[in-house]
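Residue numbers begin at 1 in each chain, while the letters A, B, ... track the order of the sequences.
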Amino acid sequence: MKKRVLSLLIAAALVIASLGVMGAAAAEGEQPTVKLLAQAQSFDMNEDIVAKMLYEATGLSVEYSNWNDEKALVLEISSGTEYDAVMLTANLFQQMKNAKALKDISGLLENHQDIKDAISEKGWYYVTEDGAVYGIPNVDDAVYTGGLGYREDIFAENDISADVETIDDFYNLLVEIKDKTGLIPLTGSSAVEAVIASGFGLSYDFVVDEETDEIKSWLRNPGMKEYLVWMNKVYNEGLIDIDWPVNNGDTINNKMSTGAAVMTYAAHWSPLNWVNALRESGDEDAYFDQIVPLADANGKRHIAVSNGVSNVWCVPATASDERTEYFLNVVASRLQEDVYWMFNDGYEGTHYYFDENHYPIPIQPIFNDDMKNGDKYQIGRNQYVHPFSWMARVHKTQVQWDAFYDANSKAAYYGFEGKPLTFASFPEYAEYYGALNTLCNDYFKQVIAGTESIDSYDDFVAEWEASGGVELEAAATEWYHANPGLVEMARESYSPYNSIFGYEIN
Amino acid sequence: MANKRKGAAFGLTAGERVFEFVNTFILIVIGLMMLLPFLQMASKSFSGETAVLTGNVWFWPVDFQTGTYKYVLRESQFWSSLKVSVIVTILGTAGAMIITCLTAYPLSKTWLYGRKFFVFLFVFCMLFSGGMVPSYILMKAIGFVNTMKVLIIPGMLGIYNMILLKNFFEEIPEALEESAQLDGAGSLRTLISIVLPMSLPAIATIGLFYAVGYWDNYMTGLIYIQKPEYKPLQLYLYELVVETQHVDNAGNPKTMEALEDAALNTESIRSATIMLTCVPIMCVYPFLQKYFVKGLRVGSVKG
């Protein structure tokens, strides 16, 4: 009796299994749905119009889920996940790679020369270790987000020239603005205002010391002390906002939108709201232009850019080759030139058109309505198309485009400087960096506001060293010597906008 | 003390008057501290973008508009998350009340065999939990991850709430229950017909705790939910607000694309979303308040 039941069960299992095979055979030519786990979004990535456009164009079915919590994500991946690929931040990517939780896709990539060609070498370098490739990188092009935005209309009205090169020029500019307009010449809140600090030879908080070939903090640079003294001087003379140490995003927005201040740090997306507010309250000509970082004593301008790999799409170590192949098919489809244009910017003629420079110009409001979330669907960035297709996204309004173009064409002319520790992933970095950064910012602001004298600088450096500064510098240097390529890559100054905008100051 | 109070039956003593005054004053200040931020949020949600940006909005809308609400209500994720939150709150609260009552009632009986041991177990688990890693592995092993079950079932027994209810049950005179039992009622009948109706104030309070807890819970969703269709409303809100924090921390920017997108979602839109998220649960309160007042009166007459 038992035997009969058993044989019946096996027979049933076989029938079911063969049905499964038949089902699979019937669906041949159409690959199964690929399950992707992306970072959290405030919209449903499966319902967005871009998801539908992508399905129509590629015929590949994709189901998105989103992760929110890093710890939960690590648990999900390490406890055997159903997802075919996961989008990781650069930091998490390093952790997961070191924990051997990611699959080497180098072998499978051999059949996908199109994927290898589309993504820049920089990206591949970042995700490769000992010949093994651990993901599809989303490479950030070197783009300058912005310097000091100033009120072009006020400058013109008062015959003030924005043509400044050195820190002395800038000082004279502040005096001139104050004398002629009576407004706050410069508002802000940063302990280290990049445009000004550049005039003192400062770029990033940790840089490569060319003499010793070690990573050193900018506290070691004599320029830092000079910067703080200078900032304190202009603060005392009322040339920068009296609220500098206590300002925040809201108070700065408020001062720029009401016309109380003339200049502040402005990313290319910032001036739009200010211009709208100013025009609504009767300032018809309100407009912004950009001042880029000042030249230091050697005539060098330190223009910091976002430069690196922001995200990596990875395959969990437990995934089968078959499922990974399905995922790579999706990647390949999205990197195709026409598809890449389509999901980032929509359809030519419907969502955008090309102007005489062959820059894409969005057609509103349909571009904003349909393509708002397009960039979230990138899996790897097509190095040839991305810099161009992205121009439509920064051209949503003329104000934003002008700020973007102005900052980047100027910056392209002077050359960019990448952050050496962009890819830093060593334990001391996680342990000390944040606390030391806060320590510095607090002290700098106190010196700027005059509540702390610059005479205490050496004591402060000693306190900083005792709080982990020495350990961080040593660990950073050690990491740099072990990964010279990563630091070199991060410092690389090439930007696609160098060639697109043609090295010209407008 | 009692004599003094009797003497002041028709008027308050000077000390009491000062106390009343200070007490009222402090309560008003505390009340305003809760109310004003909410009022400003509401005003911002109905104000024009420029007015919000220039900091002109306080407690009354400036350049009144409802476009932000129309915008939020058009977002499909808002509706899908609202649906999840409503289902989770209703099923969760109902289930939680049943389980909590059924746990608290036996534990309120001093004659229950092993009562101390069980109470110890519960209190121990209230103070020490296994932590996130075992919880995640457990939820995944029993297939709860990425389902609505994970939002409802694990939160069904709040031990603190259970102990509150247990203490309330203990206050009910034993004689009442005995009389029911004399009439032939079993334990369940006694609980349903005698104990629960007498505990309405406690049940309303704890029900409100559970409902607000379920409604406001974003942490469970944050950890266990990856599929957009099971994302609760608070998680949606969390994501909206987190998006903008990338802008505020200019020193630590996320990707440029993320920053740009965040600039599109203005403060008015966020305020409107927050208002829409708060309103449904606020509507529940007046219905439960009835029971609070009734419960207090019942107590006073008997007392």
Side-chain angles (χ1 to χ4, degrees), chain A residues 37 40-48 63-69 71-73 75-76 79-80 82-83 138 140 143 145 189-191 248-251 253-254 257-258 265 267-270 272-274 276-278 280-281 306 310-311 368 372-373 375-376 378 390 393-394 396 400 437 441, chain B residues 48-56 63 75-78 80-81 132-133 135-137 140-141 145-146 218-219 221-231 235-244 247-267 273:
Chain A
L37 185 58
Q41 302 295 345
S42 58
F43 68 99
D44 186 342
M45 290 186 79
N46 299 313
E47 296 296 320
D48 198 88
E63 186 191 315
Y64 273 101
S65 299
N66 303 90
W67 64 269
N68 253 309
D69 185 82
K71 278 189 224 140
L73 174 74
L75 284 169
E76 172 67 34
S79 59
E82 57 170 312
Y83 299 109
N138 277 10
D140 295 332
V143 169
T145 48
S189 64
S190 298
N248 59 36
D250 288 342
T251 55
N253 272 334
N254 192 335
S257 309
T258 52
Y265 163 73
H268 55 75
W269 55 87
S270 311
L272 177 63
N273 289 335
W274 304 334
N276 286 343
L278 286 163
E280 236 174 76
S281 48
S306 67
S310 49
N311 296 293
N368 271 1
K372 188 172 80 174
N373 300 317
D375 56 320
K376 311 293 188 315
Q378 292 163 359
W390 200 60
R393 306 194 74 81
V394 289
K396 285 177 196 143
Q400 187 186 1
N437 196 29
N441 283 342
Chain B
E49 206 179 300
T50 303
V52 175
L53 198 67
T54 49
N56 288 332
D63 303 337
E75 295 286 304
S76 63
Q77 183 67 53
F78 176 83
S80 121
S81 293
M132 185 177 151
V133 176
S135 306
Y136 192 91
I137 292 172
K140 193 157 174 178
V145 172
N146 272 328
Y218 74 93
M219 206 53 207
L222 189 79
I223 294 169
Y224 298 110
I225 298 294
Q226 290 134 6
K227 299 215 183 301
E229 62 264 37
Y230 298 128
K231 201 192 278 182
L235 186 58
Y236 170 64
L237 184 66
Y238 170 85
E239 281 160 6
L240 266 188
V241 175
V242 163
E243 261 179 14
T244 60
V247 172
D248 293 341
N249 298 342
N252 185 22
K254 301 277 168 174
T255 65
M256 215 170 348
E257 290 83 353
L259 291 170
E260 265 186 57
D261 291 341
L264 284 180
N265 273 335
T266 62
E267 189 151 355
T273 314

A/Lys71: side chain to side chain donor-acceptor pair (under 3.5 Å) partners, not counting sequence neighbours:
none
Which answer fits A/Tyr64, side chain, backbone, both or neither, if we ask what part of it has an atom under 4.5 Å from a heavy atom of chain B?
backbone
Could you tell me which portion of A/Asn66 (side chain, backbone, both or neither) has an atom closer than 4.5 angstrom to a non-hydrogen atom of chain B?
both
One option among B/Val145, B/Ile137, B/Ile223, B/Ile225 has the most heavy-atom pairs under 4.5 Å with chain A, and it is B/Ile223
Side chains of A/Asn138 and A/Ser310: any donor to acceptor distance under 3.5 Å?
no
Between B/Gln226 and chain A, with a heavy-atom cut-off of 4.5 Å, which part of the residue counts as in contact: side chain, backbone, both or neither?
both
Tell me the closest heavy-atom pair linking A/Ala40 and A/Asn68, and the distance in Å.
CB-OD1, 3.1 Å
Honestly, the part of A/Leu75 sitting under 4.5 Å from a heavy atom of chain B is both
Going by distance alone, is a donor N or O of one side chain under 3.5 Å from an acceptor N or O of the other, for A/Tyr83 and A/Glu76?
no
Whether B/Ser81 side chain and B/Phe78 backbone form a donor-acceptor pair below 3.5 Å:
no
What distance separates A/Asp44 CG from B/Lys231 NZ, expressed to the nearest 0.5 Å?
7.0 Å
Contact class of B/Leu237 relative to chain A, heavy atoms under 4.5 angstrom
neither
Is B/Lys140 in contact with chain A via its backbone, its side chain, both, or neither, using a 4.5 Å heavy-atom distance?
side chain
